[in-house]
Amino acid sequence: MRVGLLEASEIGFGGSGRNVGLVNPGMWIMPDTLAATLGSPFGERLIELLGRGPQKVFELIEKHGIECELERAGTLHCAVGRRGLQEIEMRAEQWQQRGARVVLLNAEETRRKIGGGNYTSALLDERAGTIQPLAYVRGLARVALAAGAKIFTRSQVLTASDTGSRWRIGTAKGSVNAKWVIVATDAYGNGPWSQVRREQIHLPYFNFVTRPLSDHLRASILPERQGAWDTREVLSSFRLDRSGRLVFGSVGALERAGASVHRAWAVRSLRRLFPQLGDVEFEAGWFGMIGMTSDNLPRFHKLDRNVVAFSGYNGRGIAPGTVFGSVLASYVLGQVAEKDLPLPVAPVEERRFRAAREALYRAGAQLVHLIEARL
Ligand SMILES: Cc1cc2nc3c(=O)[nH]c(=O)nc-3n(C[C@H](O)[C@H](O)[C@H](O)COP(=O)(O)OP(=O)(O)OC[C@H]3O[C@@H](n4cnc5c(N)ncnc54)[C@H](O)[C@@H]3O)c2cc1C
């Protein structure tokens with residue numbers, strides 16, 4: 001097939017270039033909850049497919065020599081307090097029942113893997129890993145170009161009309177004709193099929209990166225190079241990059257008052273987590289929008305004749321997005337029937353009070369960080 005990609009901004013402008021880089025299997029919600037929500041056959045089918053998601057990402061990276069700081073040491077989901085411990089134990093049990101390579105660590109083992117913190121336990125997922133996400137998506141774009149795809153950046157899709165046999169997709173400067181359209185705009189969508197974005201509630205998430213740490217510190221912090229996040233409602237995440245910078249993130253938008261509140265909180269939290277750091281200085285910070293659906297599960301939409309979309313990754317899009325991309329390619333090529341897709345066709349949902357709920361997330365995260373910074 002001849003393939004063209006129209007991108008409104010630059011490759012990796014959306015979630016793909018802004019995320020934490022945790023390549024995790026499954027979704028955020030528990031495997032049993034996922035299975036119960038989707039029912040048979042989609043529930044266990046999706047779990048099985050997404051369980052192999054990181055492997056698919058690693059294979060692509062290795063096959064095409066994509067330089068994106070791949071670490072295959074697993075990830076750590078760290079339990080906070082007794083409630084966190086219960087959650088992690090439940091997750092461990094549900095994954096182990098499905099034969100997944102996950103290991104429940106006690107408090108001491110967790111402390112050794114992290115080199116700090118005071119977590120009650122952690123779930124080590126040996127299937128997982130970390131990447132530099134922008135380098136991954138740019139690498140994929142390079143591979144697609146080499147395979148003959150045409151990529152047009154700074155080409156926002158503004159119009160779409162069905163000519164009967166093809167779609168005519170228009171930008172400010174030109175148009176393309178296509179038999180099939182795959183809408184992959186997720187939480188950043190605007191233009192003709194922006195209802196995909198409107199069925200999601202935006203959860204802002206930021207990251208800061210420290211200066212490269214000394215060799216001594218690098219040996220004590222995440223010595224095996226797992227990526228990590230915790231069970232708090234307003235969670236934190238952290239990983240080391242190849243240059244020894246700590247990438248530290250949490251819920252919130254780095255704008256207006258939030259920028260200084262979240263920065264101050266991040267400095268204090270990092271010092272508390274890793275007292276050996278001493279002074280914490282950040283080299284950079286950024287934030288992005290995570291698109292949350294009503295049941296925390298992604299969606300497969302048929303938006304029009306030959307117009308399809310997977311979206312709604314709920315903060316877990318690296319492996320699922322990669323897997324769904326190749327599933328959609330097979331579907332468009334006629335190699336996979338609709339009934340065999342990992343998700344059922346879903347109507348687009350209307351979310352009530354979306355703007356108010358998004359404002360609440362921003363304000364809530366700011367408040368939590370403001371209070372925590374003072375404790
Ligand atoms: C801060 C943050 C942290 C995250 N952390 C993780 C993590 O650690 N692990 C994980 O697995 N997932 C994580 N996620 C989720 C993950 O990043 C996303 O699910 C994933 O990147 C979605 O990929 P995508 O290609 O579907 O969409 P995106 O990467 O968001 O790309 C959509 C693109 O569509 C373009 N676009 C929009 N409208 C138009 C138009 N009209 N015409 C042309 N182009 C258009 C946008 O410019 C954008 O580049 C995180 C997300 C965020 C924001």
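Counting convention: from 1, in listed order, for ligands and their atoms alike.
Distances between N or O atoms of E10 and those of ligand 1 include no value under 3.5 Å. Considering both main-chain and side-chain atoms, A319 never comes within under 3.5 Å of ligand 1 through any nitrogen or oxygen pair.
The closest protein non-hydrogen atom to atom 48 (C) of ligand 1 is E7 OE1, 3.5 Å. Among all non-hydrogen protein atoms, the one lying nearest atom 3 (C) of ligand 1 is N19 CA, 3.3 Å.
Looking at Q156 against ligand 1, both its backbone and its side chain come within 4.0 Å, counting heavy atoms. Within the 4.0 Å heavy-atom criterion, both parts of S16, backbone and side chain, lie near ligand 1. With a heavy-atom cut-off of 4.0 Å, L6 touches ligand 1 through its backbone alone.
Across the listed options A187, G317, P204, S194, G317 owns the non-hydrogen atom lying nearest to atom 16 (C) of ligand 1.
At least one heavy atom of I290 lies less than 4.0 angstrom from ligand 1. Under the 4.0 angstrom criterion for non-hydrogen atoms, G321 is not in contact with ligand 1.
Near L22, meaning under 4.0 Å from one of its heavy atoms, ligand 1 places the atoms 7 (C), 8 (O), 9 (N), 10 (C), 11 (O). Residue contact check: G21 has heavy atoms under 4.0 Å from atoms 8 (O) of ligand 1.
A salt bridge does not link R72 with E126: none of the charged nitrogens is closer than 4.0 Å to a carboxylate oxygen.
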